Amino acid sequence: MKMENYEACVGFDLCETPLSTVAQKIMSAMRSGDLMASRNEGERTKTSEVTKKPSVHFSVLAEHEKTQPLETKNPKSLINQTPRGSVELSSQPSITKLSAGQVQNSISSSGLSSYLIPQCDQEASVLQNREHKRKHFLKENIGKEDKDSLNLKRKYITCSNSPEKASKHTALGKETDGTESWQNSEDTRALGKQLCDVRYLGDLAKVQLMDVLKQAAALVVTLMYKDGSTQLSAKQALTCPVKGIVVLLKSHVGSSPLILPAHGGALGKDFTSTDHCIYIHTEQSPFWDPKQEAHSLFVRNILFWTLRCKCPVVCFNAKDFVRTVLQLYGEDGSWKHVAGFVGLDPRVAAWLIDPSDTAPSFEDLVAKHLEKSIIVKPSSTFNDASINIVSQNVCVNLKILYDLTMDLCSKLKAYGLWQLFCTLELPLIPILAVMENHKISIDKEEMERTSALLGAHLKKLEQEAHFVAGEQFLIMSNNQLREILFGKLKLHLLSQRKHLPRTGLQNQLSTSEAMLNSLQDLHPLPKIILEYRQGSISSTWNQTGTVTGRLSAKHPNIQGISKHPIQISRPRNFKGKEEETATISPRTLFVSSEGYTFLAADFSQIELRILAHLSGDPELLKLFQESERDDVFSTLTSQWKDIPIERVTHMDREQTKKVVYSVVYGAGKERLAACLGVTVLEATHFLEQFLQKYKKIKDFAQTVIGQCHSAGYVASILGRRRPLPRICAQNQQLRAQAERQAVNFVVQGSAADLCKLAMIRIFAAVATSPTLTARLVAQIHDELLFEVEDTQIPEFAALVRRIMESLQQVQTLELQLQVPLKVNLSIGRSWGHLTPLQETLGSA
DNA sequence: ACTTATATCCTAGGG
DNA sequence: TCCCTAGGATAT
């Protein structure tokens, strides 16, 4: 039944392109006069941004800082997925009980992330300091909650110096037994009456409210945090738990909602003719209460209806909204029901228009995009709002938000970005929300082992470095290292190399890996430093964080976790120590849950294929069209190294890859020489040869640069733009840089488009499948990592391959690549040990 | 003296 | 004078 609803909601056939269907719906809605005028069609938006709740937490600090707030409502997952000791943030009790010694332990347990390791080496004071902060934090935020939530509540209310106070009042129906302090501390100032707290609604009023909700022409939503701030507040309290959700129900789609506050009182009696603002309290008290149970159910209905409703939903940072609702009321499998959510997120819209503006606040966006309309429509009400948004009521802000969003939508259309917005970015929002909600199991013992190993090893290396340097110094400090290497040891004078690497701006001698490599025969220190620097490991998904349209991840940055194991070995003894060797592969820490297997699907050479398509270079095309079975980089390696393809090592291949992309994107001969490990002369020769063979690459670059020069921006395959004003700069250096960026963007941005499209289609397919349960765990640019039920591997693998490779042509987007897309699939219980999947024949 | 913000450098990931 | 990221550490 849920399934039916879902399909009805999404309303498209999964084999056809769902995205464009959504786009068409929205477009037709807009065409028919107003975006909001949609009748039956669902359009919603969503914006994704910084999330507070990563799936995996490496550090104790991070853990309490972030997860604290959302009192993890996942007892289930705790029980379900601890086969190997999954890292669960929900273990608050144990957190609160941690002693200093245990903190050390916990840090160890978060070990893999190498950014933690150095902490183990830090002075005790650092740890103590952190411990102190941690305790303070816990005291402030946890302890109280359990003990007397009443006090806490009162505190939040009375201390809420935030301008956006939730004034709760019931405009609908009766105010029932409002005995709580809420009512008392309520301020009944001017706008307060507009906000209706649904807790105080009687049964009849609730029914009425649902009716109003269902008839609303549009919904504007924002999360409210415990401190009274909302998603629209300038400073987002990142550690603050959610208190409730405010929804503005727009009864009609008039373009100037801000008129309403002025006339609201006059129109006010009739529900259906005016806008209403409701406050939905979501915070649950620890005590069991039948009343609360009922309220909970009611709230759940409202929220899920919002996520699946057919009218437009506007939300700033919609991803957080989706995730919050799922965390609060989502249960097993309910994630499928939000798959079709399309919320209009002004942040995503603004980012498409200006991708370099990466994290604008609500206020920023209003100032940037709405100022004109404010001036143009100088109603007095408006003026107040524009002058000091922060000090206004939530309801007013929501109305402004609505206007802002409509304005951005118009701009998107004007810029030709509307389809991209609807088909790619908006459907991605629930996907990211769902992905963030899915925890990845961690092999805890392995983690601890690794951490201890790394910590001890780094300590030893530091001591060694001090010894051979003859003095103590901060091993992480490039400045101090520079002084030792060149000031004290004068290694640069001993080197035969003429052009030693230098830092960019200050033109100092570099201490980079390249430099250390060239010095390592002259003194033991460089080698030690190189070894010490091994590995830095560092998820919240940011949809609007890049200029190229890619996603980025943080905390941990799962896209940056070492792929290949790092070897810690020391053949040469130091101070007569025994020799030891150990390998660490961070990705092996990520393991699938019991009964599940990871399946990774990555596009092979996607950027090169796109380049082949865009440039139409015959040689490049031939490479992909003919030798479809072989690996292109291995083929190229064997060609110009003149060795049989079987003899091409992994290292060779990696180098070739690096070289090819470098050259394609405009690397100079020096860089190439360094990369290739040859003389500049040889590099020059190689460069000429390469560009000669693939001649049209240069033509393509010229074309792109020309277009950029005349238009001021470049666009990807699906119309994503990147403005590059410096393309016209007088400064040669700046202009050249912009030119390289232009060329790179077209290819990288197009690849990002395709990867997102793949995510969306696979997600939609799973969501509409009655049987498939595969969950997306991570996206590493061209690679999608899924957690799949063991028994579903064959079916899902076939589905993934079919969808991804079918992106070669997408009629609805007028996309038709001249080259085939190739997908590599691999499976395994651990992310670090994936083996290529041999697919059984007969996948249709 | 103490904390905080910014800039720079380096390395991991991905093409 | 390949491009795009996150993150850590230091120095100021």
Side-chain angles (χ1 to χ4, degrees), chain A residues 58-59 62 113-119 121-122 129 355-356 358 473-482 501-506 508-516 529-530 532-542 545-564 566 586-587 602-611 633 654 657-672 674-675 687 701 722 731-752 754-755 778-783:
Chain A
F58 280 107
S59 78
S113 94
S114 60
Y115 60 77
L116 264 190
I117 299 305
Q119 291 177 5
D121 283 333
Q122 296 291 333
N129 188 23
S356 61
T358 251
F473 65 100
L474 278 172
I475 197 164
M476 299 298 269
S477 166
N478 297 319
N479 272 352
Q480 293 190 23
L481 178 61
R482 189 170 7 251
R502 286 183 173 270
T503 61
L505 287 176
Q506 303 188 0
Q508 286 177 303
L509 285 164
S510 169
T511 57
S512 67
E513 183 173 8
M515 170 67 91
L516 294 173
I529 299 294
L530 281 171
Y532 186 90
R533 285 182 182 172
Q534 287 290 333
S536 151
I537 317 168
S538 159
S539 268
T540 276
W541 298 91
N542 192 349
T546 66
V547 288
T548 52
R550 279 182 170 183
L551 297 175
S552 71
K554 65 181 190 184
H555 202 216
N557 177 8
I558 203 169
Q559 295 177 322
I561 290 177
S562 291
K563 189 172 194 174
H564 303 296
I566 59 180
R587 291 192 178 189
D602 65 277
F603 283 115
S604 65
Q605 308 107 20
I606 184 153
E607 282 190 19
L608 205 53
R609 285 172 192 265
I610 285 172
L611 178 69
F633 290 119
E654 287 302 301
K657 195 168 146 186
K658 195 100 195 153
V659 167
V660 167
Y661 283 116
S662 302
V663 171
V664 162
Y665 295 127
K669 45 186 194 275
E670 284 87 5
R671 177 73 75 101
L672 185 59
C675 192
L687 214 157
R722 178 170 184 187
N731 184 323
Q732 181 72 27
Q733 184 174 338
L734 292 179
R735 196 172 67 243
Q737 184 181 30
E739 289 174 354
R740 289 191 302 270
Q741 288 170 323
V743 175
N744 175 265
F745 172 85
V746 174
V747 181
Q748 186 175 322
S750 299
L754 291 186
C755 294
Q779 187 247 44
I780 304 96
H781 303 125
D782 70 321
E783 171 187 348

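Chain letters run A, B, ... following the sequence lines, proteins first, then strands; residues in each count from 1. Since the model is a prediction, treat every value here as computed from it, not as a measurement.
Counting to the nearest Å, the C1' atom of B/dG15 and the CZ atom of A/R722 are 15 Å from each other. Rounded to a whole Å, the CG atom of A/L687 is 17 Å from the P atom of C/dT1. At whole-Å resolution of the value, CD1 in A/I475 and P in B/dT11 are 13 Å apart. Atom CG of A/L734 is separated from atom C1' of C/dC2 by 16 Å (rounded to the nearest Å). Rounded to a whole Å, the CG atom of A/L481 is 9 Å from the P atom of B/dC10. Atom pair A/I558:CD1 and B/dG14:C1' shows a separation of 14 Å (rounding to whole Å applied). Atom CD in A/Q605 sits about 14 Å away from atom C1' in B/dG14, given to the nearest Å. The CG-C1' distance, from A/N542 to C/dG7, rounds to 15 Å in whole Å.
The structure places CD of A/Q605 at 11.5 Å from CD of A/E607, a figure rounded to the nearest 0.5 Å. The CD1 atom of A/I475 sits 4.0 Å away from atom CD1 of A/I529, with the distance rounded to the nearest 0.5 Å. To the nearest 0.5 Å, the span separating CZ on A/F473 from CZ on A/R482 amounts to 13.0 Å. In this structure, A/T548 OG1 and A/Q741 CD are separated by 11.0 Å, a value rounded to the nearest 0.5 Å. Going from atom OG1 of A/T546 over to atom CD of A/Q748 covers 8.0 Å, rounded to the nearest 0.5 Å. The line from CG of A/L509 to CE of A/M515 is 5.0 Å long, rounded to the nearest 0.5 Å.
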Between the protein and nucleotides 5-9 of chain B, list the N/O to N/O atom pairs that are separated by less than 3.5 angstrom.
residue : atom : partner : partner atom : Å
B/dC9   : OP1  : A/T503  : OG1          : 3.4

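Of the candidate nucleotides C/dT5, B/dG14, C/dA6, B/dG14 has the atom nearest to the side chain of A/Q748. The side chain of A/Y665 approaches C/dC2 more closely than any other nucleotide in the set B/dA12, C/dG7, C/dC2. When each of B/dG15, B/dG14, C/dC3 is scored by its nearest atom to the side-chain atoms of A/Q741, the top-ranked nucleotide is C/dC3. Minimum atom distance to the side chain of A/H781 is reached by B/dG14, of the listed C/dT5, B/dG14, C/dT1. Side-chain proximity of A/N557 to the nucleotides B/dG15, C/dC3, C/dA6 is greatest for C/dA6. Here C/dC2 is the nucleotide among C/dC2, C/dT1, C/dA11 with the atom lying nearest to any side-chain atom of A/K658. Across B/dG15, B/dG13, C/dG7, the shortest atom-to-atom separation from the side chain of A/E607 is found for B/dG15. Closest to the A/S552 side chain, of the nucleotides C/dA6, B/dG15, B/dA12, is C/dA6. Nearest nucleotide to the A/R671 side chain, out of C/dC2, C/dA6, B/dG15: C/dC2.
Among the protein residues, A/A553 comes within range of the sugar-phosphate backbone only, with heavy atoms under 4.0 Å from sugar or phosphate atoms but none that close to a base. Residue contacts for A/I610: at a heavy-atom cut-off of 4.0 Å it reaches no nucleic acid atom on any strand shown. Among the heavy atoms of the strands, none lies under 4.0 Å from A/L672. Among the heavy atoms of the strands, none lies under 4.0 Å from A/R735. Counting any heavy atom pair closer than 4.0 Å across all strands shown, A/V663 reaches no nucleic acid atom.
A donor-acceptor contact shorter than 3.5 Å links the side chain of A/R609 to the backbone of A/S604.
In this structure, A/W541 and A/Q559 have side chains that are in contact, with non-hydrogen atoms separated by less than 4.5 Å.
A close approach under 4.0 Å does occur between a side-chain nitrogen or oxygen of A/K563 and OP1 or OP2 of B/dG14. Within the structure, every side-chain polar atom (N or O) of A/R740 is placed at least 4.0 Å from both OP1 and OP2 of C/dC2. Checking the phosphate oxygens (OP1, OP2) of C/dT5, no side-chain nitrogen or oxygen of A/K554 falls inside 4.0 Å. Here A/Q480 reaches the OP1 or OP2 of C/dA11: one of its side-chain N or O atoms lies under 4.0 Å away.
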Given the rule in the side-chain hydrogen bond (donor to acceptor under 3.5 Å, both in side chains) test, do A/Q732 and A/R735 qualify, once you have shown the distances and angles that lead to the verdict? CA-CA 5 Å; A/Q732 181 72 27; A/R735 196 172 67 243; 2.9 Å; yes
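Comparing the P positions of B/dT8 and C/dT1 gives an interatomic distance of 14 Å, to the nearest angstrom.
Between the side chain of A/T548 and the base of C/dC4, no donor-acceptor pair under 3.5 Å is found. The base of B/dG15 lies outside donor-acceptor range of the side chain of A/R550, with no N or O pair under 3.5 Å.
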